[in-house]
Each structure stands twice: as C-alpha cells, then as structure tokens.
Amino acid sequence: MKESLKNTLQQYNQTQLLRFENSATPEENAALEAELEKINFAHLDKLIKDYVLKKPEISIPADLQPAPYFPLVPQNDEQKKLYADAENAGRKLISDGKVACLIVAGGQGTRLGYDGPKGTYPIGPVSGRSLFEYFALSIRRNEIKYNTKISWYVMTSLLNNQQTVDFFEANNYFGLDKKQVFFFVQGTMPAIDYQGKLLMSSKSSLSLSPDGHGGTLLALKKSGALEDMKAKGIEHISYFQVDNPLVPVLSPLFIGLHAMEKSEMSAIMLAKTNAFEKLGNFCLANGKLQIIEYSDLPDDLAQSLDENGKLRFISGSPAIHVISREFIEKLTADGTLSLPAHRADKKVPYIDENGEPVKPESPNAVKLETFIFDALQLADKTMVLESDRKEVFGPTKNATGVDSAESCREMLIARDCRRLEAAGVKIPRNTDGTPAVKVEISPLAAVDDEDVAIYVKNNNITEILSGTERVLA
Ligand code: UTP
C-alpha cells in the first residue's frame with residue numbers, strides 16, 4: 001500500500017484497515033487501496049466526530065412555520081384557470097420531450113426482506129408484474145399518449161446495478177427502447193463502528209453501502225446523465241421512488257405548475273392522517289422550504305392545530321418531485337455537493353481482527369446517508385402541490401402490515417376500481433366498501449382517468465362480476 005495512504009490512515013486513526021496487508025494477496029491489497037483512494041478522509045473524519053462518536057443534535061429553527069402549498073382542489077376561479085393552464089403546459093412539455101423520468105432504485109430494501117433489487121419485486125396484484133415493469137409500462141403508455149420519446153434515468157447502487165441491468169435485459173426493457181434507458185450508479189459510504197473505525201467486509205473491501213437518495217444529484221453529474229439530458233433538451237425531471245407503483249410517472253399538472261412557477265425543485269404533499277404519521281413534514285424556516293423528518297418534529301408542533309382545528313403541520317412528503325435540470329447543474333457545478341448527513345444505526349456484517357466474518361444480531365455500526373429533500377433548502381424557488389394519497393402513494397416498505405406489499409396491492413386494486421367506476425363500470429363492493437373483485441389495469445392500457453374512460457368504451461366494459469380476478473390489458 002502506498003506510503004501516503006498509510007500516513008493518511010495513521011493521521012485519521014484508521015490503521016485497522018492495514019491489518020491484513022501482509023496476509024492478503026497483492027490483488028486483494030490493490031482492490032482495497034483503490035477503494036481507500038476514493039475516500040476524502042478529512043471530510044469523513046469530521047462526519048465521524050459529528051455523527052458517529054456523538055449523536056447529532058437536531059436543531060429545529062426557531063421560526064418554523066407550515067409550508068404553503070397549492071391545494072388539491074382549486075379554491076377559486078383564478079386558481080381553477082391556473083390549474084387548467086398548468087395541466088396544458090405540462091402536457092406540452094411532455095410531448096415536446098422536455099421531461100425525463102428518474103427512478104431511485106439504489107436502496108437496499110432491507111425491510112421488505114426480498115432477495116434481489118427491490119424493483120424486481122412482483123407487486124402486480126393479479127399479474128405479479130414487477131415494480132420495474134409497472135413503471136416501464138407507464139412510461140411506454142405516456143410515450144404513446146403524448147406521441148413522444150421519454151428518457152428514463154435509473155439510479156442503482158454498486159450492490160444491485162448488475163442485477164438490475166440484467167433484469168431489464170432479460171425482459172427486453174419491457175418494450176421500451178433500450179437507448180432511452182440510462183442506468184447510473186450512486187456513490188457509497190463506508191460503515192463506521194461505534195468507536196469511529198471503518199469496518200471491512202473482506203480483506204479486499206470495506207463494508208460499503210449506498211450513500212442515500214441524496215446521492216442522486218451528484219451521481220447524475222458524475223455519470224454523465226446530466227449532460228445526456230442537456231444534449232436531449234430535457235429541462236425537467238420527474239423523480240419517484242422504486243417502491244411506489246401508484247405514482248404517476250409523469251403528472252401534467254405537477255410538471256406544468258413547476259414550470260409556470262419557475263420552481264427549481266417541487267414536491268407533492270399529502271395531508272397527514274395523524275400528527276405522528278411517519279412522513280417528512282413540509283416546513284418553512286427563514287423563508288426556505290425544508291422537510292423535517294417525523295422523528296425530529298417536536299410533539300407540540302406536530303400536534304398543534306390551526307384556527308379550524310386542523311393540524312398546522314399537515315403536509316407530509318411521499319417523496320415525489322419535479323426537479324429542474326439547471327438546478328442540479330448549478331448545485332453540482334464544481335463536481336461536489338455537500339448535503340447534510342443523516343445517521344442510521346444498522347446491523348452491518350464485517351470481518352473481525354482475525355479475518356472471521358461476523359453477522360451482528362443488533363446494530364453495531366452507523367451508516368451515514370444524505371437525503372434528496374435537503375436540496376429543497378438550496379433552491380431559490382420551490383413549489384408544493386397537494387395530491388390525493390389514494391391516487392399517488394402506495395409505499396412498499398415491508399412484507400406485511402403497514403406500508404407493505406400487501407397494502408400496496410390493495411391500493412392498486414382500489415385505485416383501478418375507482419377509475420373504472422368513474423368511467424361508468426359497475427363494481428361490486430364488500431360491506432366494508434372494498435372492491436369484491438381483484439382487478440388490475442395494465443399501465444400500458446391506461447395511466448389516468450382519461451385513459452380508463454377510453455379503454456372502457458373501446459372494450460365495451462359495463463360491469464365486473466363479483467369474485468373476478470382479471471388483468472385489463
Ligand atoms: P428507503 O428509505 O425506503 O430505503 O428508500 P431502502 O434502502 O429502499 O429500504 P430499507 O430502509 O433498507 O428497508 C426510499 C427510496 O430511495 C431509494 C430506494 O431505492 C427507494 O426507492 N434509495 C435509498 C436509493 O436509491 N439509494 C439509497 O442510498 C437509499
């Protein structure tokens with residue numbers, strides 16, 4: 001190992017990483033050296049002191065206010081006109097090829113407990129189609145609907161990139177043009193034990209994990225994706241997460257309002273169901289929009305009510321954004337971006353001082369991540385639009401229970417049945433109001449109410465019989 005690197009490790013008390021230098025093969029040493037060379041130890045050392053060796057203090061700005069937002073239903077004629085104009089503007093931007101889709105799929109999905117990239121998880125309630133297929137078909141439907149080509153940027157991590165690309169290949173890109181799909185790999189962060197030491201997963205490698213969805217912005221720059229967007233004339237990016245198949249991959253109203261408001265980064269908000277719902281809270285501090293995590297918002301603020309008895313901090317974030325390309329270019333112009341770190345205590349497998357693998361039963365290390373929503377504070381202009389949860393948000397975090405694959409499938413069925421009813425189709429319902437059918441509309445057939453109305457008419461569907469299990473494709 002290079003002397004200069006050894007000196008750096010000495011300087012920052014990380015010489016445990018040299019432990020196997022004599023017993024490792026030259027190849028193993030070279031691989032480890034290459035990983036270490038990429039680390040800015042001065043910066044990491046500061047993070048370790050601030051976030052690992054002590055628990056970071058959460059400072060809540062004194063003048064914290066609820067963030068303003070555009071309501072779900074326009075409140076007056078002027079707003080009605082604004083929404084109609086915005087929707088038209090959004091449709092035009094999409095058909096002019098000025099909007100790309102961006103999915104973040106670099107997470108480890110540990111809570112779901114599924115072996116493989118989360119996007120390959122079979123979510124379709126009847127079809128069993130994967131999360132990736134859901135998004136791909138929605139994008140394809142939008143291409144047909146708007147008579148355009150849509151570029152799709154797919155962020156993976158070092159841990160799942162190859163499997164993800166293989167999955168797209170094996171499925172023929174789900175009918176999309178392969179040239180429209182741009183994979184890029186996010187950065188990693190080493191796991192750090194409670195003594196502030198970097199852990200190793202083998203003699204040739206650190207225990208590394210993805211650096212959080214905040215890593216998206218810099219990864220877009222470093223991978224050349226931003227340049228690719230510029231070359232294609234893409235101005236706005238529709239950002240969504242791999243675990244939410246309900247999301248409209250392109251929402252004309254949201255995109256149009258973002259553009260008309262000249263917003264650099266926009267967000268969808270949902271009315272929280274209760275004061276402590278586990279969603280980030282949209283707040284305003286020093287005139288800047290920011291998201292305060294549910295765990296960080298003091299109870300008295302979380303529970304405070306306005307003059308109508310409604311929660312003051314009502315706005316929760318489902319992590320759906322539109323981001324301007326130029327904003328990301330501005331943030332990453334010098335090839336760096338420093339978003340605040342967030343600490344997560346995790347069970348991280350490692351090798352001990354004898355080189356033996358250890359699989360801890362309880363958290364033994366800290367992972368530091370950055371979050372994309374912290375970029376909101378860096379924007380000169382932002383915009384928040386309310387959405388209807390039933391239409392846009394079915395997070396698949398766990399295998400069962402709350403925010404699970406199970407609840408997401410129920411939401412997909414409920415949403416599709418609601419759309420069919422809106423188009424005049426008779427849907428039998430159980431006594432609790434849930435549909436007495438298992439019906440799934442293929443995103444290739446319809447991505448919104450307008451599409452469903454046409455589909456129903458073309459296929460002459462008037463009623464779905466109780467007990468039906470069917471994919472409408
Ligand atoms: P989550 O915060 O739910 O994390 O990610 P996760 O890693 O997927 O799941 P758990 O916590 O281990 O169970 C929200 C979204 O952000 C992406 C995920 O893929 C998901 O779409 N993400 C998260 C990344 O792309 N990179 C990351 O480093 C973290």
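Both counts, for ligands and for their atoms, begin at 1 and track the order of listing. Excluded from the calculations below are hydrogen atoms, water molecules and symmetry mates; all remaining heavy atoms, backbone and side chain alike, are included.
Taking the charged nitrogens against the carboxylate oxygens, Lys145 and Asp448 do have a contact shorter than 4.0 Å, which makes a salt bridge. Ion pair Arg140/Glu143 flagged as a salt bridge, since at least one NZ, NE, NH1 or NH2 atom sits closer than 4.0 Å to an Asp/Glu carboxylate oxygen. Under the 4.0 Å criterion applied to side-chain N and carboxylate O atoms, Glu353 and Lys197 are not assigned as salt-bridge partners. Salt-bridge check for Lys330 with Asp380: passed, with a basic side-chain N closer than 4.0 Å to an acidic carboxylate O. Electrostatic pairing of Lys98 and Asp96 does not count as a salt bridge here, judged by no charged N lying under 4.0 Å from a carboxylate O.
Residues Asn160 and Lys118 bring no donor and acceptor atom of their side chains to less than 3.5 Å of each other.
Nearest protein heavy-atom contact of atom 20 (C) of ligand 1 is Val104 O, 3.8 Å. For atom 12 (O) of ligand 1, the nearest protein heavy atom (residue, atom name, distance) is Thr110 OG1, 2.5 Å. Protein heavy atom at the shortest distance from atom 7 (O) of ligand 1 is Gln108 N, 2.8 Å. Remark: minimum distance from atom 16 (O) of ligand 1 to any protein heavy atom is reached at His213 CD2, 3.4 Å. From the protein, the heavy atom lying nearest to atom 25 (O) of ligand 1 is Gly106 N, 2.8 Å. From the protein, the heavy atom lying nearest to atom 28 (O) of ligand 1 is Gly212 N, 2.8 Å. Ranking protein heavy atoms by distance to atom 23 (C) of ligand 1, first place goes to Gly107 CA, 3.7 Å.
For the residues Met189, Arg111, Gln241, Glu369, the heavy atom positioned nearest atom 2 (O) of ligand 1 is part of Arg111. The heavy atom nearest to atom 27 (C) of ligand 1, out of those in Lys118, Lys397, Lys367, Gln186, is found in Gln186.
Judged by the shortest distance from any of its heavy atoms, Gly109 lies inside the 4.0 Å radius around the atoms of ligand 1.
Proximity to Met155 (heavy-atom distance under 4.0 Å) selects the following atoms of ligand 1: 25 (O).
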Could you list the donor-acceptor pairs under 3.5 angstrom formed between side-chain atoms of residues 361-371 and any protein atom two or more places apart in sequence or on another chain?
unit_1	atom_1	unit_2	atom_2	d
Asn364	OD1	Val348	N	2.7
Asn364	ND2	Val348	O	3.0
Lys367	NZ	Gln108	OE1	2.7

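We find the CD1-CD distance between Ile268 and Glu391 to be 12.0 Å, quoted to the nearest 0.5 Å.
Residue Pro210 touches ligand 1 through backbone and side chain together, judged by heavy-atom distances below 4.0 Å.
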